[in-house]
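A, B, ... follow the sequence lines: proteins, then strands. Residue 1 opens every chain.
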Amino acid sequence: MPGTDHAGIATQNVVEKQIAKDGLRRQDLGREKFVERVWQWKEQYGSTIIMQLKKLGSSCDWDRTRFTMDEGYSGSVADVFKRLYDKGLIYRGDYIINWCPRCQTALSDEEAPHHELQGHLYYIKYPLKEDANQFVTVATTRPETMLGDTAVAVNPKDKRYKKLLGKTLILPLVEREIKIIADSMVDMAFGTGAVKVTPAHDPNDYALGKKHKLEFVNVMRPDARMNENAGDYRDMDRFEAREVILEDLKEKKLLVKEDPHNLSAGHCYRCHTIIEPYLSKQWFVKMKPLAKPAIEAVKKGRIKFYPDRWTKVYLNWMENIQDWCISRQIWWGHRLPVYYCKKCEEVTVSLTGPEKCPACGSVDMAQDEDVLDTWFSSWLWPFATFKDEKDLKYFYPTSALVTAQEIIFFWVARMIMAGIEFQKEIPFRDVYIHGTVRDDTGKKMSKSLGNIIDPLEIIKEFGADALRFSIISITAVGQDVFLSKQKFEFGRNFANKIWNASRFIISNLKAENMKADLCASYDAHNMSLADKWILSRFYQALESVEKSLENYRFNEAALGIYEFFWHEFCDWYIELSKAEINEPHTQLILYKVLEKSLRVLHPFMPFITEEIWHSLSPETIMTQPWPHVQKQMINKKIDGQMQAIIDVITAVRNIRAAWNIDPKARINILVKAPKDTAQHLNANSGYIKALVKAQDLKTGDNIVKPPRSAVAIVKDTQVYVPLEALIDLEKEKGRISKKIEETNSTINGIGQRLKNKEFLKKAPKDIVEGEKKRKAELAETLRLLEANLKDIA
RNA sequence: GGGCAAGUAGCUCAGUUGGUUAGAGCAUUCGGCUUACAUCCGAAAGGUCACAGGUUCGAGUCCUGUCUUGCCCACCA
């Protein structure tokens, strides 16, 4: 279900900037024309995000693409408003809200994040009415608001001010009489212990004002210039007024001092202007009743967060939830379905628009000028997006919501509340909170910071599959990712590997070898050890990929199939297959493992797998089933047998590298091992010979080490490689001695453990048995190593 | 002020319920055009798991404290 919201404030800002180039303000165009311009902009750029999603290979129902301002969706928004209003959960009220003087709109608390500022704490003397030589000194960071002061508050326990309680002060500059009141909210330790109270310009003071029935004096206009209540300071910008007021106070000797002071102030999340706490009439949603069942849903586990730690963050916010300010003084968005009678001021909420006032019958009605917070439409996304009741029934509730941490309050919490309130059912069961993408220096990538990596550029340079696979691989559950261009090489290289391996296999395949079915019996196709092994490994990889996906461990899933495909299938099986590439059983396995791997890889890398798939089948891979784990194909014994061969091959390669044996030279190998091991190696000597370029391989339990040969010990097996050139005995001694040292220290470690009676008593049996077995194996290896060393000496 | 996350190889990061020898990619060193792939192949080197205590037979993993970094929340005028 793809779609976009209308991003009210952000979009309006962009278009305002655009028309500003022609010297126009939105007011110059008027509401209707301006909104038209925004629609034009939306048509032109709004599809970018959808286009990017498509380029990334996102598999959505594109014909269901929805926009929050679509007709039907807008209907749901208005409908929900009315339902909440009728239920008494929406009200209009005076309140100190976050006001952005630049955007000229109210903002919710979540839209006005606090940032630290370096400011000053100014100490100002307010003279007593009865005796102008006596003062109360208050401390403030925003002296310009003093023009709106209607009281000074002190803590009732504060002895310094006890005798002044109830007395009257003369507010300097405006000469208004204000009372000294007592309230326990005041922190005696801060500043002077006396606080100026400005109920119209500060949320705390507002509360005090309500409680103590103070006067509310608003001294600013919406553009944060001082208004007629500010006397001589009228028309000055708030910060300009601050400077002038300080000058004037200084002149009157009422400014005691100014201390540097760090304070934190709300900033508009869109334009970063400092918020002005401002008294105005706004619309609110009562959140407590909506939050209650939404808290329950999470507490009872009907909705789960991944990773779990976000549960606490969610609950903490929900349990302290404040009413939601939903009106915005902008034009781009859903208008409130609210109508005022100009005659009797009756308020009517109506979906169609009333013809006349239901109270007085006047036809002189006007719709509220405001629009709704964008989130007031987005919170309906899980259900308002469906045009068809049947679809809604079928798809709702959805299984998982995947989103960013920063949006838990804005969106996730509210969707849960809306779902329960309007659908009587939670909107989704799992909430997966992914990490934040940051740049090299740890800064969050964002368009406004300009530090983004454009996915389209990466796709051009590395490919969409490379981009996807790289990011998935480095994203552990909910961990932030630090992204740089270089990281995309990882996915690109893997895509290259898949491409080449597929090319190799497909170019060798004969059609008749692809048809056979893999049935439960290994023998049906004369399978070799390697055939059985790679199938066993594939199904184990598949099992682990499935498990990882079920737990939202996408990186583990990606790396699981990566590890299998590259380092088991390509590095070992395909290499081994070259010797018998025309054998039907080899071709069958190559084909089966490839096509199954492609199906597993498809969700991670849709483009390359689709392309390769077309060489195998005329159909699309998108609708192919996910492979089933065939448990009977998983065989640990086969794994072990193959591992023994891999170990011998690795040991010989090691010798070749250590002794700088000419890569082209064919060598002879002798292996001395217990009977059954020797037999096993002998039966599969072809593998060894092929992968280490050996001329001849002799195995047995009575092999005699030839003089001048290098040796490697694998468990109970001794591998000898006779060297043509004169062997450097000292070097060989060094090699063996080092191995002895390593083996010894490991044996000692295990020995310590096995000597510990507590360990033997308390550790689980299988752990103890494992240790014993391992010690015995290592002891045998050590014995062989020492014998060989002695032999040299 | 409260909370969360992170500190593991030169770099970037994995490491699920405590269990044998802590992994990967990149970078490094050595050797390779071995007829799918040099965006590759083979081999190697590289870690007192931030620090200090504790629990445990056993700790990268659990507990406590400390340090460093980042983020979130909060009405210190």
Are A/K664 and A/D662 within salt-bridge range, i.e. N to O under 4.0 Å?
no
Ionic contact status for A/E769 with A/K765, cut-off 4.0 Å
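A salt bridge is absent here (no side-chain N lies under 4.0 Å from a carboxylate O).
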Taking the side chain as C-beta and beyond, is there a heavy-atom pair between A/E563 and A/S544 under 4.5 Å?
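No; the side chains remain at least 4.5 Å from each other.
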For B/U21, take OP1 and OP2 only and decide whether either is under 4.0 Å from a side-chain N or O of A/R753.
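Affirmative; the distance criterion is met.
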Distance check: side-chain N/O of A/K757 vs OP1/OP2 of B/C57, anything under 4.0 Å?
no
[X] side chain: which of [options] is closest?
{"X": "A/K762", "options": "B/C57, B/A77, B/U20", "result": "B/C57"}
{"X": "A/V186", "options": "B/A77, B/A44, B/A14", "result": "B/A77"}
{"X": "A/F759", "options": "B/C57, B/G25, B/C75", "result": "B/C57"}
{"X": "A/E758", "options": "B/C57, B/U21, B/C75", "result": "B/C57"}

Going 5' to 3' through nucleotides 31-39 of chain B, assign each nucleotide B (protein heavy atom under 4.0 Å from a base atom), S (under 4.0 Å only from sugar-phosphate atoms) or - (no protein heavy atom that close).
S-SS-BB-B
Residues in residues 766-780 of chain A with a heavy atom under 4.0 Å of RNA chain B, by number, are A/I767, A/E771, A/R774
Which string of ( ) [ ] | and . matches RNA chain B, if you list each base 5' to 3' and count Watson-Crick or G-U pairs only when both distances are under 3.5 Å?
(((((((..((((.....[...)))).(((((.......))))).....(((((..]....))))))))))))....
Neighbour count >12 (heavy atoms, 6.0 Å) for atom CZ, A/F409:
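Counting other residues, nucleotides and ligands, CZ of A/F409 exceeds 12 neighbours.
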Could you give the distance from CG (A/D647) to CD1 (A/I688), rounded to the nearest 0.5 Å?
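Going from CG on A/D647 over to CD1 on A/I688, the span is 10.5 Å.
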